[in-house]
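The structure under discussion appears below in the form of structure tokens.
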2 protein chains.
Amino acid sequence: MSDVPPPRPPRPLGDRANFLLSQLGYYTAHRFARRLAPLGIQPNHFGLLMHLEQAEGRSQQQLADALGIHRKVMVGLLDDLESRGLAQRRRHPADRRAHAIHLTSQARDLLEQARAIADEEEEEVLTALDERERAVLVALLQRMASQTGNPPGVHPRLGATLA
Amino acid sequence: MSDVPPPRPPRPLGDRANFLLSQLGYYTAHRFARRLAPLGIQPNHFGLLMHLEQAEGRSQQQLADALGIHRKVMVGLLDDLESRGLAQRRRHPADRRAHAIHLTSQARDLLEQARAIADEEEEEVLTALDERERAVLVALLQRMASQTGNPPGVHPRLGATLA
DNA sequence: GGTAATAGTCACCTGATGGAACAGTTAGTC
DNA sequence: GACTAACTGTTCCATCAGGTGACTATTACC
């Protein structure tokens, strides 16, 4: 009789690029969220604030399109920001249906702090790598993101239900 | 009078290693989940099956500890697997409180299919990279995972509420 | 002027998440 | 050998994000 075939260890998860990406991505995102919490915002608010900084006065719909989310989600995000005094819904000069979204000066201050936190988090997740390796890693990841159709700076989590 | 300081575009999210990791990690995990759906399981089931393959006969508590989750969660995961005929709760030979968890032959077949799907997904997310670059990427990611205390093959998502 | 489309909002429902508590069993202790 | 503490697996419940459909106000089309 033949022996029971020895388990023949298959390639472990920790050797797979997709697993490592998911593992590290979740890890760093989660840490970032925890570090951001004292500021009273979450990573998705941070992403919206970052975008607003460069695109002030846009309508909620325009912002939602740019970030790949549904307008309904934008309502909630802006409710959060507005209640924290970080954003304002003003009257849109050209379309009375729409709101023109603006940042407050308070938001700009908070953005600086949030960016510093992001820097910390990045530094920490990259601790094991020297300068040259970091550059290599970022270049590789950018090419992968581009090739897989991930728009620069747009996190797919925001538009989770988009499909 | 001084000009309004030009927006001085800050470093975009797409240049940050932590953002890229989160973006690509979420992307590939999400795609993997969608590809896995026809098999009737989710990524967390896949992770559990992978572990069970190497650690059959363990108790639910032992499995939960190994994967960094709470036993309560393990109950739900095993309910899922058992109802799909992928796992069995047998009597534990040494401890009548505990169950000894075993895979079915059906589970082994399904694991092969799931691994093939994981291979596809990995291949796709790595499309932009040649062989050498892939090896470099995996090596860098593994060092980062190790340095940040991420146990090999254990996805932090499973133990989301651990802290 | 009438109809369709759009911007933003709300109320609802469902599914995941976390906590407390339970019965059955084991292990240590006197 | 009885008693107490600890452990395994499970259920119940309260809570809360996420997704859906319908609704008002305004604009654009013809």
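Residue numbers begin at 1 in each chain, while the letters A, B, ... track the order of the sequences. Because the structure is a prediction, the values reported are computed rather than measured.
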Output the single nucleotide from [options] whose closest atom is nearest the side chain of [X].
X        : options               : value
B:Gln61  : C:dT9, D:dT11, D:dG9  : D:dG9
B:Arg157 : C:dA20, C:dA16, C:dG8 : C:dA16
B:Asp95  : D:dT11, C:dT26, C:dT9 : C:dT26
A:Gln60  : D:dT27, D:dT8, C:dT9  : C:dT9

Can you tell me if the side-chain N/O atoms of B:Arg91 get under 4.0 Å from OP1 or OP2 in C:dG24?
no
In whole angstrom, what separates [X]'s [atom1] from [N]'s [atom2]?
X       : N      : atom1 : atom2 : value
A:Leu81 : C:dG8  : CG    : P     : 15 Å
A:His30 : C:dT17 : NE2   : C1'   : 12 Å
A:Gln42 : D:dA17 : CD    : C1'   : 10 Å
A:Arg97 : C:dA7  : CZ    : P     : 6 Å
A:Ile69 : C:dT9  : CD1   : P     : 13 Å
A:Leu63 : C:dA7  : CG    : P     : 12 Å
A:Leu77 : C:dG8  : CG    : P     : 13 Å
A:His92 : D:dT27 : NE2   : P     : 11 Å

Does any donor atom in the side chain of A:Asp15 or B:Gln142 lie under 3.5 Å from an acceptor atom in the other side chain?
yes
For a quick check under 3.5 Å, do A:Ser22 and B:His155 share a side-chain donor-acceptor pair by atom type?
yes
Going by modelled atom types, is there a donor-acceptor pair between the base of D:dG9 and the side chain of B:Lys72 at under 3.5 Å?
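When only heavy-atom distances are counted, B:Lys72 does not reach the base of D:dG9 through any donor-acceptor pair under 3.5 Å.
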What about A:Arg96, does its side chain sit under 3.5 Å from the base of D:dT26 through a donor-acceptor pair?
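For A:Arg96, whose side chain was compared with the base of D:dT26, there is no donor-acceptor pair (under 3.5 Å).
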Residues A:Arg134 and A:Glu123 bridged, charged N to O under 4.0 Å
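Yes, this pair counts.
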With a 6.0 Å cut-off on the ring centroids, do A:Phe19 and B:Phe32 count as close?
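Here the rings of B:Phe32 and A:Phe19 have centres that are no less than 6.0 Å from each other.
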Want to settle it: does A:Arg71 or A:Ala94 sit nearer the 5' end of DNA chain D, counting the closest nucleotide to each?
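In this pair, the answer is A:Arg71.
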Sugar-phosphate only, base, or nothing, as touched by A:His99 at under 4.0 Å among non-hydrogen atoms
sugar-phosphate
Which of these, A:Leu77, A:Leu78, A:Asp79, sits in a side-chain contact (heavy atoms from CB on, under 4.5 Å) with A:Val75?
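Only match with A:Val75 under side-chain contact (heavy atoms from CB on, under 4.5 Å): A:Asp79.
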